[in-house]
There are 2 protein chains.
Amino acid sequence: MNFQQLRYIVEVDRNGLNVSEAAETLFTSQPGVSKQIRALEEELGVAIFVRHGKRIVDVTEPGREMLNIARRVLADADNLHRVGEEFRNEGQGRLSIATTHTQARYKLPKVIAEFTRRYPKVRLELHQGSPSQVCDMVLSGDADLVIATEAISDYPDLVMLPCYQWNRGVVAPSDHPILKARPLSLEEIARWPIITYDSAFTGRGQMNKAFLGRGLKPNVVLTAIDSDVIKTYVRMGLGIGIVASMAFDPLMDKGLGMNDAGHLFESSTTRIGIRRNVWLRGYIYAFVELFAPALNRHVVEAARAGGGTDPGL
Amino acid sequence: MNFQQLRYIVEVDRNGLNVSEAAETLFTSQPGVSKQIRALEEELGVAIFVRHGKRIVDVTEPGREMLNIARRVLADADNLHRVGEEFRNEGQGRLSIATTHTQARYKLPKVIAEFTRRYPKVRLELHQGSPSQVCDMVLSGDADLVIATEAISDYPDLVMLPCYQWNRGVVAPSDHPILKARPLSLEEIARWPIITYDSAFTGRGQMNKAFLGRGLKPNVVLTAIDSDVIKTYVRMGLGIGIVASMAFDPLMDKGLGMNDAGHLFESSTTRIGIRRNVWLRGYIYAFVELFAPALNRHVVEAARAGGGTDPGL
DNA sequence: GATAGTTACGGTAGTCGTAACTATC
DNA sequence: GATAGTTACGACTACCGTAACTATC
């Protein structure tokens, strides 16, 4: 048994049980892959794949178990290299964060400023995308961390750690009557045209729930993917905006005002996500702790080991 | 990188950083081991071992991380073979249980009877020993499960799952006045010569604590490693016995009586222990569940993944 | 000087790729 | 007949073991 063989079976599984494609992905010959898989099956004494004659059509039951183990082994092999890198150039490296606009624009700047001060040699990369896109970036290894709110929970390979809770506020031009409404009510909000986040994005679920719960039908005239865009349109008088409270800055956002709506909607939790079986460099733990001081290295490791065990195994 | 190299570094670490000995253990040549280790260090870009000239004198910090990962990889490699075996001869195999006398004698018989009925082709092995001995058996792979009470908690590689709680009773010849004592008190017990478990064994800690808490000094005249031996000496009139309640059977133990002492001592918890990163065959999960119905496969897997993360990592 | 580890070198085994062949859809 | 996988074979690599050498205690 060797790593290559494990790589082969994992890749065949990933490529829809197609040996030829797997061989291509692995930059090797198809017969080689085929042969090694047979050799592995021979050694382990069990068929990993179900074959109809020559075609591979399914994964056997033991095969499923074995693929799980094989994937973990390969991840660990990777981890060994990561550890090497970590110590070869301590403090140097790359930190790639996949996140949504609101985080990148309003929450991360302070954290990143402090982080770069502490780790000047770490090259930072910010990737933006929708919640599912940013999760995919981490799953594929293109990013180390994902910071998002609409935390997609059904990725077994992703560990999501709650960082902080936040809620929404209504932004409107300074002279807009809704800014005076005390207390602010859903009925009042529903009276105006609304501009808010795109439904694929942060916490639209909570909003809809709140309105529906009161039998209201909000008049959403425009959706956008980020708070700045929303504020721009609010400034133009297209409607009132519902955005994350943190996305309003009284100093910067001249001509606009905010009326907090935290009592009207269920709060949203922003989470940081990491791949389960991946060894993390020291500065990544440091970054997570800077972002959410409760998440020290020990807590993160415990969370990664525990919780979210997949019942499939 | 290959499995062999990982095996080499792990074995060198295990053999007190002695390459020659490691080579011997692995039935291979010393230069081969040496060379492969250098090759691995080369590939990973970091020294795993600290050398004084040629002698290996310590493990580097990245080395410690790498050894942890390497051990997991090797365990997984093993696991792949285990999975193979499981499915090659389903229902057949070996189940090796390391336990203490009291469990083997009083608690296991029913469970084992049921287990052998369900899995007639599984060869059962019972190993007996002191709590630390039985734990070692599991750690070294000689046994699959350990069932013990004085659950040694400082084995990071062992996951201990609580199964049930039990307490003690006083056994004495049928006509002994202590059997009439209602309620039974520590003071009453302390009045008589006591025969109980050896201190290395089950739950002596709880007993001493109870007596000390009342400023009493029990007169322990004899200690033994198992309940049957204790009862034998009690029968001979050497003193009263303090044993696990389950170790008394009114039908079998003619001439003796028991007075329950559950209110006097802190109860003990019997635990089942398994190695953390080892893949378990289906019938092992079945056995655990037979022994402690709450511990179904899902619970066991969750416990194995979580808890007891070693802060060293 | 004894013990422990590295360098040198030859034999062997096993992996990889090309080519030819075979089976499934 | 096109697509997918296996068998066959030759080249090459890399691992292992012996032997000689070198450094540490």
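Scope of the values below: all heavy atoms of this structure, side chains included, with no hydrogens, waters or symmetry mates. Numbered from 1 within each chain, the chains take letters A, B, ... in sequence-line order. Quick caveat: nothing in here was measured; it's all calculated off a predicted structure.
Side-chain polar atoms of B:His127 and B:Gln133 form no donor-acceptor pair below 3.5 angstrom. In this structure, a donor-acceptor pair under 3.5 Å is present between the side chains of B:Glu65 and A:Trp279.
When base pairs are accepted only as Watson-Crick or G-U wobble with both N-N or N-O distances under 3.5 Å, DNA chain C takes part in stems of 3 or more pairs at C:1-25 with D:1-25.
Taking the six-membered ring wherever Trp is involved, the centroid distance between the rings of B:Tyr283 and B:Phe287 does not fall below 6.0 Å.
Closest contact between the side chain of A:Asn18 and the listed nucleotides D:dG5, C:dG17, D:dA23 involves D:dG5. Ranking D:dC16, C:dT18, D:dG5 by closeness to the A:Pro31 side chain, first place goes to C:dT18. Listed nucleotides C:dG5, C:dT18, C:dT3 differ in distance to B:Arg55; the shortest reach to its side chain belongs to C:dT3. Of the listed nucleotides (C:dC16, C:dA4, D:dC16), C:dC16 has the atom at the smallest distance from the side chain of A:Gln4.
A sub-4.0 Å separation between OP1 or OP2 of D:dT3 and a side-chain N or O of A:Ser20 is absent. A close approach under 4.0 Å does occur between a side-chain nitrogen or oxygen of A:Thr28 and OP1 or OP2 of C:dG17.
Test B:Leu17, B:Ile56, B:Asp58 against B:Val50 for side-chain contact (heavy atoms from CB on, under 4.5 Å) and you get one pass: B:Asp58.
To the nearest angstrom, P of D:dG5 lies 11 Å from CZ of A:Phe49. Rounded to an integer number of Å, the gap from A:Ile37 CD1 to C:dC16 C1' is 15 Å. Look at CZ on B:Arg51: it is 16 Å from P on C:dA4, rounded to the nearest Å. When the C1' atom of C:dA23 is taken as reference, atom CD of A:Gln30 falls 13 Å away, rounded to whole Å. Per the geometry, CZ belonging to A:Arg38 stands 19 Å off C1' belonging to C:dG14, to the nearest Å.
Contact annotation for B:Phe3: no contact, since no heavy-atom pair falls under 4.0 Å across all strands. When heavy atoms are screened at a 4.0 angstrom cut-off, A:Gly53 is found touching the sugar-phosphate backbone but no base atom. Nucleic acid contact class of A:Leu26 (heavy atoms, under 4.0 Å, all strands): none.
In terms of heavy atoms, A:Ala47 sits closest to A:Pro62 at O-CG, 4.1 Å. B:Phe49 and B:Ile9 make their closest contact through CZ-O, 3.7 Å (heavy atoms, listed as atom of the first residue, atom of the second, distance).
Within a 6.0 Å radius of CD in B:Glu61, other residues, nucleotides and ligands contribute 12 heavy atoms or fewer.
Judged by atom type and distance alone, B:Lys35 does not reach the base of C:dT7 through any side-chain donor-acceptor pair under 3.5 Å.
Comparing A:Gln5 and A:His52 along DNA chain C, the residue whose closest nucleotide (by nearest heavy atom) sits nearer the 5' end is A:Gln5.
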